[in-house]
Protein chains: 2
Amino acid sequence: MTSLRMTSDLRRQLILGAAKRCFARHGYNGTTTKSVAAAAAISEALLFKHFPSKAALYAEILSEECEADPELAVLLEREPSTATLVELIRGMVQYFVEIADGPDQEEAQRLRLMVTSHLDDGEFARLLYAKVEKLIGTVFVASLERAVAAGDAAPPRSEPLNLFWFAHHTVLTAALTRLPATPCLAYGKADDLERQLCEFLLRGIGLNDAAIASHLGRASTPEAKETAIAESA
Amino acid sequence: MTSLRMTSDLRRQLILGAAKRCFARHGYNGTTTKSVAAAAAISEALLFKHFPSKAALYAEILSEECEADPELAVLLEREPSTATLVELIRGMVQYFVEIADGPDQEEAQRLRLMVTSHLDDGEFARLLYAKVEKLIGTVFVASLERAVAAGDAAPPRSEPLNLFWFAHHTVLTAALTRLPATPCLAYGKADDLERQLCEFLLRGIGLNDAAIASHLGRASTPEAKETAIAESA
DNA sequence: TCAGCCTAGGTGAGTGCTTACTCACCCGAT
DNA sequence: ATCGGGTGAGTAAGCACTCACCTAGGCTGA
């Protein structure tokens, strides 16, 4: 094994990256420290110089994975409105639908960790749900209120935040079905799965068809998105 | 280890039951043949007299788990209608919501197997999805058509079957969040989570609020269900 | 009737292999 | 010369799986 010398911090990051890939693909029990060391192109001994145990390595990955997406922050800044609500759902759908065919599989790993947490004690999932709720929940609820006030949506008879979670649930499983090499569901070979999901979710949330059509019809390109944002202000 | 003598078939079933519990709770890699033997109150050697390998035991559980629910068959017999559609969704929601606090945890095990399959090669999930589609899909699509014809639902702009899967996705994750000992989401401490889910899903499918209110408002007891069925005929 | 044995349910004590983890040691740069 | 990055060769425990053996009972045949 001939590997270059490097700083401790960089090595740590390389190990974490390799371990993340391994744990996400094979789960905690299905991953061996030997395979992680091989993926990081180092010896097993060096791995244990950086992390005291396999469990500690796993725990560090989980806590690191809790950090928020920077691109999400953009949505937070937006004025609450029907357009923001639609954009929020569309962004969520897009994110989850594209998880499977992401190039680096990083988002797929996050999904795998999230799901395995549900099968375990659920602690990681609770942490992540809480973070998402703090980040997106408020924008969602405020935007829904505005949409109701503007006559774009029916007043919700449910806890508004739950509507967000229901939508989240839908796209999470949709992404899950596309995780294996051969997808679990074909969705009628739909090429516009994204649009179908958006319509379903927005209807479920309570938006009327006119609002959905007007806000969802356009804005498929970033430029168009900007236009929609400008119009909504 | 003092265990009674018994027939080979009965012993097989006891082992399968114990193994199902183990695999569902800890996954394939997390389950040891020793723990399965202990759960079945027999020696490990006897286990291997009945099943040639751990993998074969797991495979048999998966194929056995593919069998359909008998109670589902009732819904198949019903005349397609808006009421049937609502009942279908309500039944599905009820089934998934009650998974977590089922007494024997048998349904929770099925959910766990289903989800772990998605993280693996997805083969078991594909089988089960295909079976569900054959059983419920036709009734769902036919009922949705009737609902549209009756003016209860907007004509779907999506593949109708996908609407069913979207609804299925939602409740699947909802059940998943309630699988750990402490639920991953509180849903605003909702006691009427079932109703909120039904409304969200039926709206998403395209039913108008009047139809939802009239079909969902009543029929919370079996007797009322019968009434609704009779009225829908 | 009953010794004798034969079979099928059942097990304790392993087998070889893999796992997480350790330790004595190496080497290049300061 | 020393110190931190790096390793080969372990170790003890745990894994899936096996084998020689045990024992209760049913069925012979004399």
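Each chain gets a letter, A, B and so on, in the order the sequences are listed, and its residues count up from 1.
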Return the value, rounded to whole Å, for the distance between atom [atom1] of [X] and atom [atom2] of [N].
{"X": "A:F51", "N": "C:dA20", "atom1": "CZ", "atom2": "C1'", "answer": "16 Å"}
{"X": "A:N29", "N": "C:dT19", "atom1": "CG", "atom2": "P", "answer": "12 Å"}
{"X": "B:H50", "N": "C:dG9", "atom1": "NE2", "atom2": "C1'", "answer": "7 Å"}
{"X": "A:I15", "N": "D:dG5", "atom1": "CD1", "atom2": "P", "answer": "11 Å"}
{"X": "B:L47", "N": "D:dA16", "atom1": "CG", "atom2": "C1'", "answer": "11 Å"}
{"X": "B:M6", "N": "D:dG25", "atom1": "CE", "atom2": "C1'", "answer": "16 Å"}
{"X": "A:Y28", "N": "C:dT19", "atom1": "OH", "atom2": "C1'", "answer": "11 Å"}
{"X": "B:L10", "N": "C:dG9", "atom1": "CG", "atom2": "C1'", "answer": "12 Å"}

Check every atom of [options] against the side chain of [X] and return the nucleotide holding the closest atom.
{"X": "A:T32", "options": "C:dT19, D:dG8, D:dG5", "answer": "C:dT19"}
{"X": "A:K54", "options": "D:dA16, C:dT11, C:dA20", "answer": "C:dA20"}
{"X": "B:A45", "options": "D:dC17, C:dC21, C:dG12", "answer": "C:dG12"}

More than 12 heavy atoms of other residues, nucleotides or ligands under 6.0 Å from CZ of B:R25: is that the case?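 Not more than 12 within 6.0 Å, no.
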It should be established whether B:R11 places a side-chain nitrogen or oxygen under 4.0 Å from OP1 or OP2 of nucleotide C:dG10.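 Affirmative; the distance criterion is met.
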Using a distance-only test with no angle check, is there a side-chain donor-acceptor pair under 3.5 angstrom linking B:Q196 and B:D192?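 B:D192 and B:Q196 do have a side-chain donor-acceptor pair below 3.5 Å.
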Determine whether the side chains of B:S53 and B:Y58 contain a donor N or O and an acceptor N or O closer than 3.5 Å.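 No, because no side-chain N or O of B:S53 sits under 3.5 Å from a partner of the opposite role on B:Y58.
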Along DNA chain C (nearest heavy atom to each residue), the more 5'-positioned of B:E44 and A:T33: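 Comparing both residues, the 5'-ward one is B:E44.
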For A:E159 and B:K189, run side-chain contact (heavy atoms from CB on, under 4.5 Å): C-alpha distance rounded to whole Å, both residues' side-chain angles, the deciding distance at 0.1 Å, then the answer. CA-CA 10 Å; A:E159 166 73 31; B:K189 294 165 185 75; over 6 Å; no
Touch check for A:T31, heavy atoms < 4.0 angstrom, all strands: base, sugar-phosphate only, or nothing?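 Sugar-phosphate only.
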Side-chain donor/acceptor of B:K49 to base of C:dT11, under 3.5 Å: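 Check passes, donor-acceptor contact within cut-off.
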If you look at every heavy atom in A:G206 and B:R203, which pair is closest and at what distance?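 In this case the closest contact between A:G206 and B:R203 is CA-NH1, 3.8 Å.
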